[in-house]
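Reading through the structure tokens given below for one structure.
Here is how names work: the chains are called A, B, and so on, in the same order as the sequence lines, proteins then strands, and each is numbered from 1.
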Number of protein chains: 2
Amino acid sequence: MENVRELFHTMTKRLGLLDRNCCTVGGVELSLVQSHILYEIDRMNEPSMQQVADALAIDITTFSRQIQTLVKMNLVKKTPYSQDRRVYILSLTPEGKYVTAKIDAEVNEYLGEVFSHMSEFERETVLRSIQLLNECMAKSTVCCKPLF
Amino acid sequence: MENVRELFHTMTKRLGLLDRNCCTVGGVELSLVQSHILYEIDRMNEPSMQQVADALAIDITTFSRQIQTLVKMNLVKKTPYSQDRRVYILSLTPEGKYVTAKIDAEVNEYLGEVFSHMSEFERETVLRSIQLLNECMAKSTVCCKPLF
DNA sequence: CCCTTTATTTGCAAAATGCAAGTATTTGTT
DNA sequence: AACAAATACTTGCATTTTGCAAATAAAGGG
């Protein structure tokens with residue numbers, strides 16, 4: 001119980017690897033950041049650039065360039081927003097949707113395998129724990145408080 | 001229960017931020033990767049370069065250069081290994097130990113705050129869950145299997 | 001109609017990355 | 001003992017990523 005940091009270090013290390021290893025889909029090569037961006041765009045409702053960048057706590061200039069890349073790769077579409085012409089609305093192209101779904105499937109396959117080493121009860125406990133942890137991290141005032 | 005990917009996405013996002021925000025100690029600026037390296041060196045027992053690079057799944061050439069930087073910053077010491085002169089043993093300098101301890105304290109402070117939103121029972125459940133999750137990820141054959 | 005704020009992009013320079021190739025040393029084979 | 005193969009680590013690129021400062025463009029508020 002005392003070695004909380006150790007626990008988190010191991011977990012983040014592994015989860016980092018998880019992301020790092022799940023980013024080649026079909027012919028498309030994606031970086032970790034790019035897969036996070038696709039996921040967020042898919043998840044959010046007609047988000048602007050700024051909103052997605054904020055959600056991921058990525059510097060807006062870096063984000064702008066990442067989006068340019070993803071647009072060139074034909075995975076993301078930028079649509080001018082009629083109500084405010086400074087703003088672009090982001091969405092996934094059909095190919096972007098396909099790639100995102102593929103990554104999702106891969107990650108889920110991996111998670112499924114991980115959870116296959118647990119009993120039904122353990123699985124539920126672990127998932128509820130993560131849920132609770134996320135909620136408490138969201139409440140935290142120490143760091144990175146906004147993030148939805 | 002169904003939205004497992006979502007749960008993990010949120011968690012990794014937050015934990016990534018955690019790391020990203022905890023890397024300026026005293027006068028010293030550390031990147032996320034560098035703080036991971038310091039932590040591993042501290043944790044492992046007289047590790048070689050290769051061993052630490054493997055533990056973190058960092059490319060050995062990138063790692064080599066990161067170590068050069070950390071040596072210049074006077075945080076890490078490279079000691080030739082007498083039994084095998086190809087090998088260098090890594091250790092933290094006193095300053096490296098200090099910085100690592102500081103980061104540890106900061107992370108623990110953050111985690112303490114996060115856990116303060118839970119009951120004693122919840123806290124224990126969550127920590128045990130993470131422990132179990134780490135074990136099951138270690139068992140997984142899908143990806144990144146070695147990593148201790 | 002200015003002044004401030006907000007959304008996004010570009011210039012630049014620094015840092016990180018990884019492959020290919022290099023050096024040095026050890027180990028295994030005959 | 002000699003030599004080929006394997007291992008630990010470093011260096012040379014060339015590419016990518018990053019973020020601060022500054023620019024552009026549009027919106028909003030007196």
field: Electrostatic pair Glu113(B):Lys139(A) at N-O distance under 4.0 angstrom
entry: no

Are there over 12 heavy-atom neighbours, none belonging to [X], within less than 6.0 Å of that residue's [atom1]?
{"X": "Phe115(A)", "atom1": "CZ", "result": "yes"}
{"X": "Glu46(A)", "atom1": "CD", "result": "no"}
{"X": "Tyr88(B)", "atom1": "OH", "result": "no"}

Taking only side-chain nitrogens and oxygens of [X], does any of them come within less than 4.0 Å of OP1 or OP2 of [N]?
{"X": "Gln50(B)", "N": "dT7(D)", "value": "no"}
{"X": "Gln51(A)", "N": "dA7(C)", "value": "no"}
{"X": "Thr62(A)", "N": "dG19(D)", "value": "yes"}

statement: Between its two end axes (five pairs each) the helix from dC1(C)-dG30(D) to dT30(C)-dA1(D) turns, nearest 10 degrees, through 20°

Short side-chain to backbone donor-acceptor contact, Glu40(A) and Ile37(A), under 3.5 Å: no

query: With no hydrogens and no angle check, is any side-chain donor or acceptor of Thr10(B) less than 3.5 Å from a backbone partner on Glu6(B)?
result: yes

Please list, for nucleotides 25-30 of chain D, all pairs of protein and nucleotide N/O atoms separated by less than 3.5 Å.
from	atom 1	to	atom 2	distance (Å)
dA27(D)	OP1	Arg85(A)	N	3.2

Find the distance [X]:[atom1] to [N]:[atom2] and express it as a whole number of Å.
{"X": "Ile67(A)", "N": "dT10(C)", "atom1": "CD1", "atom2": "P", "result": "14 Å"}
{"X": "Met49(A)", "N": "dT6(C)", "atom1": "CE", "atom2": "C1'", "result": "13 Å"}
{"X": "Ile60(A)", "N": "dT18(D)", "atom1": "CD1", "atom2": "P", "result": "13 Å"}
{"X": "Leu70(A)", "N": "dT8(C)", "atom1": "CG", "atom2": "C1'", "result": "16 Å"}
{"X": "Tyr88(B)", "N": "dA24(C)", "atom1": "OH", "atom2": "P", "result": "11 Å"}
{"X": "Glu29(A)", "N": "dC19(C)", "atom1": "CD", "atom2": "P", "result": "10 Å"}
{"X": "Leu90(B)", "N": "dA8(D)", "atom1": "CG", "atom2": "P", "result": "13 Å"}
{"X": "Leu32(B)", "N": "dA15(C)", "atom1": "CG", "atom2": "P", "result": "17 Å"}

field: Candidate nucleotides dT11(D), dT17(C), dC9(D), ranked by approach to the side chain of Gln68(B) - the nearest
entry: dT11(D)

task: Quick one: list whatever passes salt bridge (charged side-chain N to carboxylate O under 4.0 Å, His left out) with Glu29(B), sequence neighbours left out.
output: none

Which pair of non-hydrogen atoms, one from [X] and one from [Y], has the smallest distance, and what is that distance?
{"X": "Val107(B)", "Y": "Arg5(A)", "result": "CG1-CD, 3.4 Å"}
{"X": "Met49(B)", "Y": "Ser64(B)", "result": "CE-CA, 3.9 Å"}
{"X": "Ser35(A)", "Y": "Ile103(A)", "result": "CB-CD1, 4.0 Å"}

- prompt: So what does Ser48(A) touch, heavy atoms closer than 4.0 Å: a base, only the sugar-phosphate, or nothing?
  reply: sugar-phosphate

query: With a 4.0 Å cut-off on heavy atoms, is Phe63(A) in touch with a base, just the backbone sugar-phosphate, or nothing at all?
result: nothing

Please tabulate, one pair per line, all N/O donor-acceptor pairs under 3.5 Å involving side-chain atoms of residues 67-80 of chain A, not counting sequence neighbours.
from	atom 1	to	atom 2	distance (Å)
Thr69(A)	OG1	Arg65(A)	O	3.1
Asn74(A)	ND2	Glu95(A)	OE1	3.3

Pull out every protein N or O sitting under 3.5 Å from an N or O of nucleotides 12-14 of chain D, one pair per line with the distance.
from	atom 1	to	atom 2	distance (Å)
dG12(D)	O6	Arg65(B)	NH2	2.7

- prompt: Nearest nucleotide by nearest heavy atom, which residue falls closer to the 5' end of DNA chain D, Ile89(B) or Asp59(A)?
  reply: Ile89(B)

query: Mind checking what makes ring pair (Phe, Tyr, Trp, His ring centres under 6.0 Å) contact with Tyr39(B), not counting sequence neighbours?
result: His9(A)

